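Reading through the structure tokens given below for one structure.
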Amino acid sequence: MSIKKTGSFGIGKAVRAYKLAKSSLPVVIANNSKNHFSQGFRQSGGQTDASRGGWQRRKKDPKGAQRGILIGRKGGKMWKALQVISSTFSKIEVGILGIAYAERHKEGLDGMPQREFLGKSAQLDSSNRKIILKELNDIFKR
């Protein structure tokens with residue numbers, strides 16, 4: 001005597017969910033990363049492992065008013081230029097394009113204090129890992 005169970009065992013649903021996640025998850029991770037680094041501009045640093053504790057304070061401007069570091073009073077071009085460059089399953093890239101002085105600030109070149117606004121972040125890695133694990137758990141619960 002043999003006992004058999006036939007059917008798909010939900011594999012078809014899991015495969016469809018995986019294919020959907022393969023295209024949507026990189027976008028979610030890229031946007032989470034962009035938001036993480038944007039927060040660094042609002043907090044004047046602290047979003048990368050190298051910038052823990054924040055960026056070096058700036059001098060007061062001539063009128064005596066203190067303003068945000070790298071955000072600026074007139075538009076914050078660097079902060080607004082932060083964007084998702086690529087979000088595919090094989091490559092997720094967030095960066096600033098078209099701002100000539102961005103590298104000088106990030107690397108601390110030409111006598112400027114280093115203010116790393118993009119870089120390695122254990123906090124971001126942990127956040128992205130949680131997103132990925134949740135998505136994988138959701139795939140197999142469907």
Side-chain angles (χ1 to χ4, degrees), residues 3-142:
I3 299 174
K4 294 181 182 178
K5 164 68 172 117
T6 59
S8 68
F9 299 98
I11 292 172
K13 282 174 82 174
V15 168
R16 284 190 297 282
Y18 167 75
K19 287 179 180 177
L20 179 62
K22 191 173 178 181
S23 63
S24 64
L25 191 57
V27 174
V28 172
I29 296 295
N31 285 325
N32 184 56
S33 300
K34 178 186 177 237
N35 292 338
H36 174 83
F37 292 122
S38 288
Q39 186 68 25
F41 281 94
R42 288 189 291 279
Q43 295 176 341
S44 295
Q47 295 304 96
T48 68
D49 294 345
S51 71
R52 291 282 157 225
W55 297 325
Q56 181 179 338
R57 297 295 312 156
R58 66 177 307 281
K59 296 177 183 175
K60 288 187 177 189
D61 70 27
K63 295 180 183 176
Q66 194 75 21
R67 64 179 192 231
I69 301 169
L70 300 184
I71 293 177
R73 195 174 46 197
K74 296 183 179 182
K77 289 180 183 178
M78 225 167 34
W79 179 22
K80 290 178 181 176
L82 182 63
Q83 62 187 291
V84 173
I85 297 167
S86 173
S87 60
T88 66
F89 199 72
S90 60
K91 181 180 180 182
I92 295 172
E93 190 174 16
V94 175
I96 294 177
L97 301 175
I99 305 292
Y101 53 87
E103 185 177 6
R104 291 197 313 257
H105 280 285
K106 184 182 178 301
E107 302 299 329
L109 305 173
D110 301 327
M112 289 185 181
Q114 182 180 14
R115 295 185 174 123
E116 185 175 80
F117 46 84
L118 292 170
K120 178 149 179 49
S121 171
Q123 181 183 2
L124 177 60
D125 291 347
S126 175
S127 174
N128 284 340
R129 194 172 7 266
K130 286 177 185 174
I131 291 169
I132 293 166
L133 289 174
K134 182 186 179 313
E135 184 64 30
L136 289 172
N137 284 330
D138 288 351
I139 286 172
F140 291 106
K141 285 180 183 176
R142 292 179 186 160

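The structure presented is a predicted model; accordingly, all values stated were derived computationally and were not measured.
- Residue Gln83 qualifies as enclosed at atom CD: its count of foreign heavy atoms under 6.0 Å is above 12.
- With hydrogens and angles disregarded, no donor-acceptor distance shorter than 3.5 Å links the side chain of Asn32 to the backbone of Val28.
- Salt-bridge formation is not detected for the pair Asp125/Arg129: no Lys NZ or Arg NE/NH1/NH2 atom is positioned less than 4.0 Å from an Asp or Glu carboxylate oxygen.
- Between Val94 and Ala30, the closest heavy-atom pair is CG2-O, 3.8 Å.
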Please evaluate residues Glu135 and Ile131 with respect to the criterion side chain to side chain contact (heavy atoms under 4.5 Å, CB included), reporting the C-alpha separation (whole Å), side-chain torsions for both, the decisive distance (0.1 Å), and the verdict.
CA-CA 6 Å; Glu135 184 64 30; Ile131 291 169; 5.6 Å; no
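- The CH2 atom of Trp79 sits 14.0 Å away from atom CD1 of Ile99, with the distance rounded to the nearest 0.5 Å.
- Taking His36 as the reference, nothing meets the ring-ring contact (aromatic ring centres under 6.0 Å, His included) condition, with sequence neighbours excluded.
- Closest heavy-atom contact between Gln123 and Gly46: OE1-O, 4.5 Å.
- Residues Ser126 and Lys130 form a side-chain contact, since some pair of their non-hydrogen atoms from C-beta on lies under 4.5 Å apart.
- In this view, Arg42 and Gln39 satisfy the side-chain hydrogen bond (donor to acceptor under 3.5 Å, both in side chains) rule, not counting sequence neighbours.
- Of all non-hydrogen atoms in Asp49 and Ser121, the two that sit nearest each other are OD1-CA, 3.4 Å.
- Expressed to the nearest 0.5 Å, how far CG of Asp110 lies from NE2 of His105 amounts to 10.0 Å.
- The line from CG of Leu133 to CG of Asp138 is 11.0 Å long, rounded to the nearest 0.5 Å.
- Shown here for Leu82 and Ser38, the closest heavy-atom pair between the two residues is CD2-OG, 3.3 Å.
- One distance of note links CG of Leu25 with OG of Ser87; it measures 10.5 Å at 0.5 Å rounding.
- With a 4.5 Å cut-off on side-chain heavy atoms, Leu124 and Ser33 count as touching.
- Residues Ile92 and Pro26 form a side-chain contact, since some pair of their non-hydrogen atoms from C-beta on lies under 4.5 Å apart.
- Nearest heavy atoms, Gln114 versus Glu107: CG-C, 3.9 Å.
- The two residues Ile96 and Phe117 make their nearest non-hydrogen contact at CD1-CE1, 3.4 Å.
- Between the side chain of Glu116 and the backbone N or O of Lys106 there is no donor-acceptor pair closer than 3.5 Å.
- Inter-residue side-chain proximity for Thr48 and Phe37 is flagged as met; some heavy-atom pair is nearer than 4.5 Å.
- Judged as a salt bridge (Lys or Arg N to Asp or Glu O under 4.0 Å), the pairs with a partner in residues 88-98 (not counting sequence neighbours) are, in order, Lys91-Glu93.
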